[in-house]
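Following: one structure in structure tokens, then a few remarks.
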Amino acid sequence: MTDWTHLTEAVGELNEEEVLKILEEFIASNPTEEEAQKVVSACQSGMNIVGERFEAGEYFVGDLIFAGELLNEAIGTLKPVIGSASDKKVGSIVLGTVHGDLHDIGKNIFRSMAEAAGFEVHDLGIDQPVEAFVDKVKQVKPQIVGMSGVLTLALEAMKETIDGLNAEGLRNNVKIIIGGNPVTKEVCEHVGADAWTTNAAEGVKICQGWVN
Amino acid sequence: MADVKALQQERISIYHDVFDNKIPKRVPVNLSFALEVVAQYGKLNLVEAQWNPEILEEAADKMCRKVYSDVCVFSGTFRFPSFYQALKSRSFVMSSIGFIQHPEVIGMLPEDYDYLIEKPYDCILERVIPRQYEAFDLDDPINTVINFTKSMLAYNNDFMQAGMIIGKMTEKHGYYPGSLFSGGFTEAPFDLLADQLRSFKGISMDIRRMPDKVAAACEALYPIAFKKGLPAKPSKYAPVFIPLHMPTFMREKDFEKLFWPTFKRMVEEYASMGVHCNLFCEDDWTRYLDYLYDLPTDTVLMFEYGDPKLIKEKLGKKHIITGLYPIMNLKTKPTEECVDEAKRYIDILAPGGKYIFGFDKNPLLLDDINLESYCAVAETVRDYGVYSNPGETAGMEFNKEDYKVEPSRKFESKYYKTWDQYKALNPEVSDFGSPKLQGLEEAVFQYIMYLMM
């Protein structure tokens, strides 16, 4: 039984070279799906370290973006050996930047971290109308809806989107989290969301709390 | 009319006092609305107003009568759809509700670094602009010339129209005829590389994968960024506006190595010419306050977030502070609380001078604020922010002789000619043509780099 602590640490350190070296050696060893799953978990645990360091003020948004990319790269490298065991999801999230706003950096960081934590994320993209959220929620019946926005004008759009879910009788089936630079506790109450964050790692924790 | 002129004189005095290291009669109220807010206030179609800015005059006038400010309440915009559309911009795009934004797009690939470092302006024109502006198509040169010309004509026309409204309002209402942006507009070399060239994600990768190339690229972009912001007529009352974007998203060690050196040199080089910079410190700069202290005296620092007490304590004697008051209050709190909060900010930030009242950011749309609270705050600042000791010396004094900058790389490109270079190629041309032709050369440079900021 191999101990993957050093891989977790290398992901946490955002040491790309080391992570890829470990993974290439691992793949060359012709591993089983079960072993591969452990390696995926080790990478995901590394993302927890990244999230903790972000919360502690040691890492910043640029580091989170790098971390998301590193994880993608790692999972891409592992793909041939992962198999189907990885399909089990802890929950599903419909995610998008609300209408009027074209920003997606924060949303993408949240998506990477939520996926790393085992969520299935349906990302609608940027500048998404109310109907896009409503239709997707009807279609995939997620536990969580995540709305993102950077500009202050996104706040009213978040409210309209939540009102739209309400009008369709979907509001009570989902938990709603809003995120982005202008989001605050007051805004959360004003728009009628369940939670708010300006920190993707914290946002993922909130979502985990909802599905556990 | 005489009252308006007297009021304008008072406004000129209070702004100039701030830049002359004197305590002004009162704290300048530096509030304005962008085009979109004014259009909404006038119940105009937002998209139409951006395409035809001349229709904004009545709404701008109405807004000026409604809201107190010492600068023109209508500030125009940085982004008109006309010139971005004529070049089919991918990097400045109108959203579904008619608000132009900068989405995350990549103008420069990692493999372009070497060329950027070798010939930065050539690389921008040959590789970056064609990626960001689809109608700037190197395979279709004649249409590209036509599209480029249309775009530049639109740029000149629309800024002139908005400028005329600002000019009229300034005269009519006796506003301070300058602004904290009037010297020019540029970006820190690192932000130029990040925002339009490599993208937020791209630069976040490069910082870890190829930091040496990032540093070299900032050096290469330095003369371009510096020239872009250089005022035609340097004045200590006309700062160069530099919005700072990436620092708070970076680790300090990356900031120190990659962002700060070329940026600090740029601010110092302007200072050596007697020009100040107005820096918008986006997000929370608390961990960088000591760096900001090191910038030339009387740098205007417009903060978004942070503790006003700490900022005043650390920087207030050396630099001019503005911003900080949370615009979101005006939506979420009752008017009375907003007014009390304004007094609290003045009590902290005004003593000792070197303070201009402003919000942490401008509202993007009218719905972002309660306009009555906005007006109440503005009037409170005007009436409450009065000094008992006007004319006294305010903090440290600025001397341009204190700033010496080592010569940096020269701005050189086959796509830009100095008069001497032009004359060498065209010896028959009269020297009478020099100011005109060189002025056009500069105008095209300014316009091209505007597309990149």
Side-chain angles (χ1 to χ4, degrees), chain A residues 13-17 19-20 53-54 57-70 72-73 97-109 112 125-132 149-157 159-160 181-191 198, chain B residues 36-37 40 46 90-105 194 199-209 246-255 258-259 282-284 286-287 304-305 326-333 359-369:
Chain A
E13 289 291 331
L14 298 178
N15 186 340
E16 187 179 31
E17 220 173 294
V19 170
L20 295 182
R53 291 195 181 173
F54 179 73
E58 291 167 42
Y59 281 166
F60 299 91
V61 169
D63 305 300
L64 296 186
I65 294 176
F66 187 85
E69 204 49 24
L70 178 60
N72 279 343
E73 232 181 332
T97 302
V98 291
H99 64 92
D101 201 320
L102 303 180
H103 293 81
D104 60 359
I105 290 163
K107 171 181 74 63
N108 294 345
I109 294 172
S112 303
I126 55 175
D127 199 2
Q128 288 299 308
V130 175
E131 310 83 70
V150 164
L151 303 179
T152 45
L153 58 84
L155 306 179
E156 277 311 301
K159 187 167 189 320
E160 286 163 23
N181 181 50
V183 165
T184 61
K185 183 166 158 280
E186 287 81 10
V187 167
C188 182
E189 284 164 16
H190 174 72
V191 305
T198 54
Chain B
E36 292 87 348
V37 178
Q40 278 193 311
L46 183 55
R90 289 170 63 240
S91 71
F92 294 97
V93 182
M94 194 179 268
S95 79
S96 58
I97 60 162
F99 199 92
I100 296 181
Q101 294 160 49
H102 167 52
E104 168 91 338
V105 281
S199 81
F200 202 128
K201 182 173 165 185
I203 198 76
S204 301
M205 301 293 124
D206 301 346
I207 286 171
R208 285 173 179 272
R209 286 180 180 161
M246 293 301 294
T248 62
F249 305 120
M250 301 165 72
R251 291 178 299 178
E252 185 178 339
K253 64 175 184 180
D254 297 326
F255 167 81
L258 303 175
F259 188 99
E282 183 178 325
D283 195 22
D284 187 343
T286 303
R287 64 193 168 101
E304 187 174 10
Y305 306 127
I327 191 94
M328 288 305 294
N329 280 2
L330 303 179
K331 173 128 189 145
T332 57
K333 294 187 178 173
F359 292 113
D360 61 343
K361 49 187 161 280
N362 284 326
L364 295 178
L365 294 173
L366 197 55
D367 308 329
D368 288 349
I369 53 163

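All figures in this text were calculated on a predicted structure; none of them were measured in a lab. A, B, ... follow the sequence lines: proteins, then strands. Residue 1 opens every chain.
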### Partners meeting side-chain hydrogen bond (donor to acceptor under 3.5 Å, both in side chains) with B:Glu252 (sequence neighbours left out)
B:Tyr291
Where on [X] is there a heavy atom nearer than 4.5 Å to chain B: the side chain, the backbone, both, or neither?
X        : answer
A:Ile105 : side chain
A:Asn108 : neither
A:His99  : both
A:Leu14  : both
A:Glu189 : neither
A:Val187 : side chain

Quick check for you: to the nearest 0.5 Å, what is the distance between [X] atom [atom1] and [Y] atom [atom2]?
X        : Y        : atom1 : atom2 : value
A:Ile65  : B:Ser199 : CD1   : OG    : 8.0 Å
B:Ile203 : A:Phe66  : CD1   : CZ    : 13.0 Å
B:Phe99  : A:Asp101 : CZ    : CG    : 9.5 Å
A:Leu102 : B:Glu104 : CG    : CD    : 12.0 Å
A:Asp63  : B:Asp254 : CG    : CG    : 7.0 Å
B:Gln101 : A:Asp127 : CD    : CG    : 7.0 Å

Tell me which donor-acceptor pairs under 3.5 Å the side chains of residues 360-369 of chain B have, and how far apart each pair is, sequence neighbours excluded?
residue  : atom : partner  : partner atom : Å
B:Asp360 : OD1  : B:Ile327 : N            : 2.9
B:Lys361 : NZ   : B:Glu304 : OE2          : 2.9
B:Lys361 : NZ   : B:Tyr305 : OH           : 2.9
B:Asp368 : OD2  : A:Thr152 : OG1          : 2.5
B:Asp368 : OD2  : B:Leu364 : N            : 2.9
B:Asp368 : OD2  : B:Leu365 : N            : 3.1

### Query
Taking all atoms of both residues into account, what is the closest heavy-atom pair of B:Ser95 and A:Gly100, and its distance?
OG-O, 2.9 Å
### Interface moiety of B:Ser96 toward chain A, non-hydrogen atoms closer than 4.5 Å
both
### Query
Pick from A:Leu151, A:Leu70, A:Asp104: which one has the most heavy-atom pairs with chain B under 4.5 Å?
A:Leu151
### Message
Could you check whether any side-chain heavy atom of B:Arg251 comes within less than 4.5 Å of a side-chain heavy atom of A:Phe60, counting everything from C-beta outward?
### Response
yes
### Min side-chain heavy-atom separation A:Glu69-B:Met205 under 4.5 Å
yes
### Task
Could you tell me whether A:Glu156 and B:Lys331 make a salt bridge, using a distance below 4.0 angstrom between a side-chain N and a carboxylate O?
yes
